[in-house]
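Only heavy atoms go into these numbers, but all of them, side chains included; no hydrogens, no water, no symmetry mates.
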Amino acid sequence: MAISDDSTGAETPFLKEDDIDGSVDYKGRPVERTNCGGLKSASFIIGDPCFLIGERFAYCGINSNLVTYLTGPLGQSTATAAVHVNAWSGTAALLPLLGAFIADSFLGRYRTIVVASLIYILGFSLLTLSAALPSLNTYGCQKANTSILCFSPELQVMIFFFSLYLVAFRQGGHKPCVQAFGADQFNAQDPEEFKAKSSFFNWWYFGLCSGTLISFLVLNYIQDNLSWVLGFGIPCIIMVVALIVFLCGTTTYRYSVKRYEKSPLLRIGQVFILAVRNWRTSSVAAQKEAHRTLPSASSKQYEFLNKALLALDDSKKHGKVCSIEEVEEAKAVLRLVPIWATCLVYAVVLAQSSTFFMKQGATKDRSITTSVKIPAASLQSFISLTIVLSIPIYDCIFVPLARTWTRKSVGMTMLQRIRTGMFLSSISMILAALVEMNRLKTIQEYGLVDKPEVTVPMSVWWLVPQYVVIGLSEKLTMVGLQEFFYDQVPNELRSIGLALYLSIFGVGGFLSGFLISAIDKAT
């Protein structure tokens, strides 16, 4: 089967009226709107519960309970386990930049998804194996007459961490590419498909949060109370099924055509290099060249990049002058920087839901009955539950009403959603501060200031409003950012665009840790 993805370098054949420019089918032929892509193809991604729910089910099953496995079966100290968890989480958050570069420059999104899924399955198979191996410090291996094949704890730890970082490496290739590939199935030039693409981002996030919710409620219980072998083995089986379903849609997908032989990142890098090299060139000459070749609005923005259009000496003969498209691509990426930097503040706020909010809950009365308590980590399920419930309401009720009011096909623009979500996140922090003031007042009233191990006589349900508001905030801002970073970059850079979106929360997590440490030291 001849898959034609954006790594093939094939040129787009002659297009008919119903063909879609920039896309081909799995045999490299022009795509007709009625035959390939659209909701039919996207259903193999967002319509396959194993693909989205299983992916989150698997990843969150590790991320949310990793410290428990490290301090339990592997016998590490809490401090050592925390270092390993932070290192792994940071690696998994930044690897999408590498995976997106490989996809957009070499393999293409389809092939990257398949390879990353195979790596994921291998990683979880090895995780299951490491959990199933009896180590020398177990009771059976300590018997003198045992016939059990035993392994040293060091070997078990090596297998575990090797497989753990295989999963992180897979995140780098899978996370930015699946979403970009799914959105590629919709043509932004067609009004109906444009609206469907906006809904795709909503329902994509619905699937992710459903998987997260199931992981918090089901997989953590299996790992803590039944078996770590089952806890790692079940996600592995689910991902095998998910990959099979994804491959079944191969003949229906639209594949992007790579228009240039040179990597998109290298093209953009060349624009900046030539602009710096021509720095001393007269700005008047650059402006004249820009006004002659670029749209008027674009020529006035980031004018220093226009100098990459100038030909010095024999540079044009040696191919050292950038084209109009290359300068436009560089400007498109540069326009994302202010949004990226601004949203770091939101990422810092969002990081509090899994740290400060959870610590608040751990000190409160979490009893449902005399013998049953809500785990502090499970409080995060209120965020996922809020998103799962709000997305159908937003997409099916709010958006149609908003269309009649705003006269826009998507109801609210991407930036409007991002702004509204950031505003709600500030409301959530205000609620958290009010609850914290009440908690500290209760501690003083009951004389528990120097007794941190004693449960504060205050119900954990006080925290529900701030979790619900941060959930509504996440639904608007996260989905808006995903669509924005996909939509505002050239076609060949869309995986990298989504990787930049993901990096906001990786860098934001590190900033949150620095901020908390600084405040703790100062106060």
Side-chain angles (χ1 to χ4, degrees), residues 53 56-57 60-61 63-65 202 205-221 224 346-395 397-398 417 420-446 448 452 454-479 505 508-509 512 516:
I53 296 177
R56 284 288 87 188
F57 188 72
C60 293
N63 190 43
S64 63
N65 222 16
N202 286 322
Y205 207 64
F206 175 86
L208 291 185
C209 292
S210 298
T212 303
L213 181 62
I214 294 172
S215 175
F216 282 136
L217 298 178
V218 177
L219 197 58
N220 286 355
Y221 176 84
D224 290 344
Y346 175 76
V348 171
V349 172
L350 195 64
Q352 308 313 308
S353 64
S354 59
T355 53
F356 175 65
F357 287 11
M358 196 171 72
K359 190 62 178 175
Q360 277 184 308
T363 64
K364 291 182 172 62
D365 181 13
R366 292 176 282 114
S367 301
I368 298 178
T369 64
T370 54
S371 59
V372 178
K373 281 188 176 183
I374 302 174
S378 294
L379 291 170
Q380 297 176 71
S381 61
F382 284 108
I383 297 177
S384 300
L385 183 61
T386 300
I387 296 171
V388 168
L389 293 177
S390 65
I391 284 180
I393 296 173
Y394 174 85
D395 200 61
I397 299 176
F398 177 80
R417 280 176 276 166
T420 305
M422 294 180 72
F423 172 75
L424 288 176
S425 71
S426 64
I427 298 297
S428 176
M429 294 307 297
I430 292 173
L431 291 174
L434 293 174
V435 172
E436 181 65 8
M437 290 170 60
N438 194 14
R439 188 184 74 91
L440 294 175
K441 182 180 178 181
T442 304
I443 288 174
Q444 292 176 343
E445 289 177 352
Y446 284 83
L448 302 176
V454 178
T455 301
V456 178
M458 182 178 176
S459 175
V460 74
W461 301 112
W462 280 83
L463 299 177
V464 172
Q466 67 197 55
Y467 273 108
V468 171
V469 175
I470 201 70
L472 292 173
S473 164
E474 189 173 329
K475 181 261 163 285
L476 291 169
T477 301
M478 298 284 270
V479 176
F505 303 96
S512 174
I516 291 171

K.L.:
Show the nearest heavy-atom pair for residues Trp462 and Val435, with the distance to one decimal.
P.N.:
O-CG2, 3.7 Å
K.L.:
Determine whether a donor-acceptor pair (N or O, by modelled atom type, separation under 3.5 Å) exists between the side chain of Thr386 and the backbone of Gly471.
P.N.:
no
K.L.:
With respect to Met458, which candidate in Asp365, Asn438, Ile443 satisfies the side chain to side chain contact (heavy atoms under 4.5 Å, CB included) definition?
P.N.:
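Only one option passes, and that is Asn438.
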K.L.:
Measure across Leu424 and Val469 and return the closest heavy-atom pair with its distance rounded to 0.1 Å.
P.N.:
O-CG1, 3.2 Å
K.L.:
So which atom in Tyr346 and which in Ser473 form the shortest heavy-atom distance, rounded to 0.1 Å?
P.N.:
CE1-OG, 3.1 Å
K.L.:
Return the OH to OG distance between Tyr205 and Ser384, rounded to the nearest 0.5 Å.
P.N.:
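One gets 8.0 Å once the value is rounded to the nearest 0.5 Å.
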K.L.:
Does Ser426 reach the main-chain N or O of Phe423 with its side chain, forming a donor-acceptor pair under 3.5 Å?
P.N.:
yes
K.L.:
With heavy-atom distances below 4.5 Å as the criterion, would you say the side chains of Leu350 and Ser425 are in contact?
P.N.:
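Contact flag for Leu350/Ser425 side chains = no.
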K.L.:
Going from NZ on Lys475 to CD1 on Ile391, what distance comes out if it is rounded to the nearest 0.5 angstrom?
P.N.:
5.0 Å
K.L.:
Say you draw a straight line from CE of Met429 to CD of Glu436; how long is it, rounded to the nearest 0.5 Å?
P.N.:
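Those atoms lie 10.0 Å apart.
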K.L.:
Between the side chain of Thr477 and the main-chain N/O of Met422, is any donor-acceptor distance below 3.5 Å?
P.N.:
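At least one qualifying donor-acceptor pair exists.
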K.L.:
Which heavy atom of Arg417 sits nearest a heavy atom of Leu476, and at what distance?
P.N.:
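Arg417 and Leu476 have their closest heavy atoms at O-CB, 3.5 Å.
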K.L.:
Can you name the closest pair of heavy atoms from Lys364 and Ser459 and give their distance?
P.N.:
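Reported closest heavy-atom pair: CD-O, 3.6 Å.
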